[in-house]
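Heads up, the thing below is written out as structure tokens.
Note that these values count all heavy atoms, side chains included, but never hydrogens, waters or copies made by symmetry. We count residues from 1, following the sequence as given. All ligand and atom numbering here is 1-based and tracks the order in the structure.
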Amino acid sequence: MKITEYIQRANKTLFSFEILPPLKGQSLQDMLAGIEPLMEFDPPFVDVTYHREEYIYKQHPGGLLQKISTKKRPGTVGICAALMNRFHVEPVPHLLCGGFSKEETENALIDLEFIGVQNVLALRGDADKSEGRFIAEKDGHAYASELVKQIINMNKGIYLHDETESGFQTNFCVGVAGYPEKHFEAPSLSYDLKYLQAKIQAGASYVVTQMFFDNQKYFDYVKRIREAGYDIPVIPGLKPITTLSQIVNLPRTFFLDLPDALMIELEKCKSNAAVKEVGIEWAIHQSKELVKAGVPSLHYYTMSKAESTYKIAKEVF
Ligand code: FAD
């Protein structure tokens, strides 16, 4: 079923979360067993991130370095099938523009359709680590709005080449990313919102936000979307802080602020265990306020680790 249908039918805030595919060489079954406790809270859907290729350098005798392209977390499609089989939840694979030609995107969507996936989150992706800025593939998409258009075209039975036996219409519900504190490349929030609107106009049915730690930023963001005339669901993304290093790394990586009240508590922490407790308490406080405001779903960034999210959900749902 489509995410938007789950939201329409629910008379309460839903629980959902995001996982990462395991690192290559690690067991999927172990990872699934790790997130199993979260099924107690009946998530209708679980997002699965996509990780594009990275470059590693192999040293050969004589010192010669060979640059090798590798995917450290492959298997997004396989995990979607595993989630459906094992937990009977809707998997939401993330699809990127980065690293994909339009042809590869079309084929990936056909694979997803064949295994019964009905929802996808359409994203541009970040720059390749060896490049300073995002560069689209030759014959790939430069922006998420273009990817949304391609998916919606397939929903209309329009494929890339006229030679394709046309007619079969996919039926994907498409979500897109939103940034309450603006995307880091956008010069202003208004500018970024203009391109969020482009994604909605291209056919996106719902938005999932980047993590935020100050609910007011989410409320203001949703207000701006509503004022622009769009009433689609805006699902808040929440991340329980779990380690001392995240105090520096989250703002640096995701271009967001940690509120003063949260920082006062975090600065008292001497260990990861103490940070984890503060992170859980803060997320419970955020979650309860968001539920009160009637948000469609609380979407947790779990990093495939259930412990903090379980404790939060136990208090909130
Ligand atoms: P876009 O919507 O294309 O926007 C990118 C930038 O370009 C923005 O600054 C926007 O304002 C601007 N822009 C958009 N359209 C135009 C235009 N036509 N002309 C000029 N400027 C324009 N990354 C991964 O690699 N894998 C994942 O699984 C993943 N999951 C994510 C899930 C969520 C909920 C979120 C919020 C992010 C996720 N990301 C993931 C990160 C995401 O790929 C990056 O933030 C990326 O830099 C932007 O992706 P986007 O889809 O928001 O891009």
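- By the 30° and 60° cut-offs, the orientation of the rings of Phe255 relative to Phe184 is parallel.
- Taking only nitrogen or oxygen atoms, main chain and side chain alike, Lys199 reaches within less than 3.5 Å of ligand 1.
- In summary, Glu227 and Lys223 engage in a salt bridge, as defined by a charged side-chain N under 4.0 Å from a carboxylate O.
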Take Gln210 and His183 through the test side-chain hydrogen bond (donor to acceptor under 3.5 Å, both in side chains) and record every step on the way to the result. CA-CA 9 Å; Gln210 183 56 279; His183 183 259; over 6 Å; no

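- Under a 4.0 Å criterion applied to the non-hydrogen atoms of Ala186, ligand 1 contributes the atoms 9 (O), 11 (O).
- If you look at Tyr143 next to ligand 1, the close heavy atoms, those under 4.0 Å, come from the backbone and the side chain alike.
- For the pair Glu36 and Arg86, the salt-bridge criterion is met [side-chain N within less than 4.0 Å of a carboxylate O].
- Contact of the Met1 side chain with the Cys173 side chain is not registered, since no non-hydrogen atoms from C-beta on lie closer than 4.5 Å.
- Against a heavy-atom cut-off of under 4.0 Å, Ala177 is close to the following atoms of ligand 1: 35 (C), 36 (C), 52 (O).
- Within a 4.0 Å radius of atom 4 (O) of ligand 1, the protein has no heavy atom.
- Put simply, the residue from Val48, Val208, Thr49 that forms a side chain to side chain contact (heavy atoms under 4.5 Å, CB included) with Glu18 is Thr49.
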Evaluate Ser304 against Ile19 for side-chain contact (heavy atoms from CB on, under 4.5 Å), listing each step before the verdict. CA-CA 5 Å; Ser304 305; Ile19 59 172; 3.6 Å; yes

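- Ligand 1 lies less than 4.0 angstrom from a heavy atom belonging to Gly125.
- Tyr301 does not carry Lys239 over the face of its six-membered ring by the limits of under 6.0 Å from the centre and within 45° of the normal.
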Going through the checks in order, is the side-chain hydrogen bond (donor to acceptor under 3.5 Å, both in side chains) test met by Ser308 and Thr242? CA-CA 8 Å; Ser308 292; Thr242 51; 6.0 Å; no

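- Residue Arg124 holds the heavy atom nearest to atom 51 (O) of ligand 1 of all those in Arg124, His141, Arg52.
- In summary, Lys311 and Glu307 engage in a salt bridge, as defined by a charged side-chain N under 4.0 Å from a carboxylate O.
- Here atom 11 (O) of ligand 1 lies nearest to Asp192 when heavy atoms of Thr209, Asp192, Val176, Asp47 are compared.
- Protein heavy atom closest to atom 8 (C) of ligand 1, with residue, atom name and distance, is His183 ND1, 3.2 Å.
- For atom 17 (C) of ligand 1, the nearest non-hydrogen atom of the protein is Tyr195 CE2, 3.2 Å.
- The atoms of ligand 1 that sit less than 4.0 Å from any heavy atom of Leu96 are 24 (C), 25 (O), 26 (N).
- Close approach of ligand 1 to Tyr191 is summarised as follows: ligand atoms under 4.0 Å from at least one heavy atom of the residue are 20 (C), 21 (N).
- Ranking the protein heavy atoms by distance from atom 30 (N) of ligand 1 puts His94 ND1, 3.0 Å first.
- Every atom of ligand 1 with a heavy atom of Thr49 under 4.0 Å away is listed here by number and element: 28 (O).
- For Lys102 and Glu146, the salt-bridge test fails: no basic side-chain N is under 4.0 Å from an acidic carboxylate O.
- For atom 40 (C) of ligand 1, the closest heavy atom belonging to the protein is Leu123 CD1, 4.0 Å.
- Considering only non-hydrogen atoms, atom 41 (C) of ligand 1 lies nearest to Asp126 out of Asp126, Thr76, Leu147, Leu121.
- Within ligand 1, the atoms closer than 4.0 Å to a non-hydrogen atom of Tyr301 are 34 (C), numbered from 1 in the order shown.
- Of the protein's non-hydrogen atoms, the one nearest atom 26 (N) of ligand 1 is Tyr50 O, 2.8 Å.
- Side-chain rings of Phe17 and Phe15 approach one another, their centers coming within less than 6.0 Å.
- Ranking protein heavy atoms by distance to atom 45 (O) of ligand 1, first place goes to Tyr179 OH, 2.7 Å.
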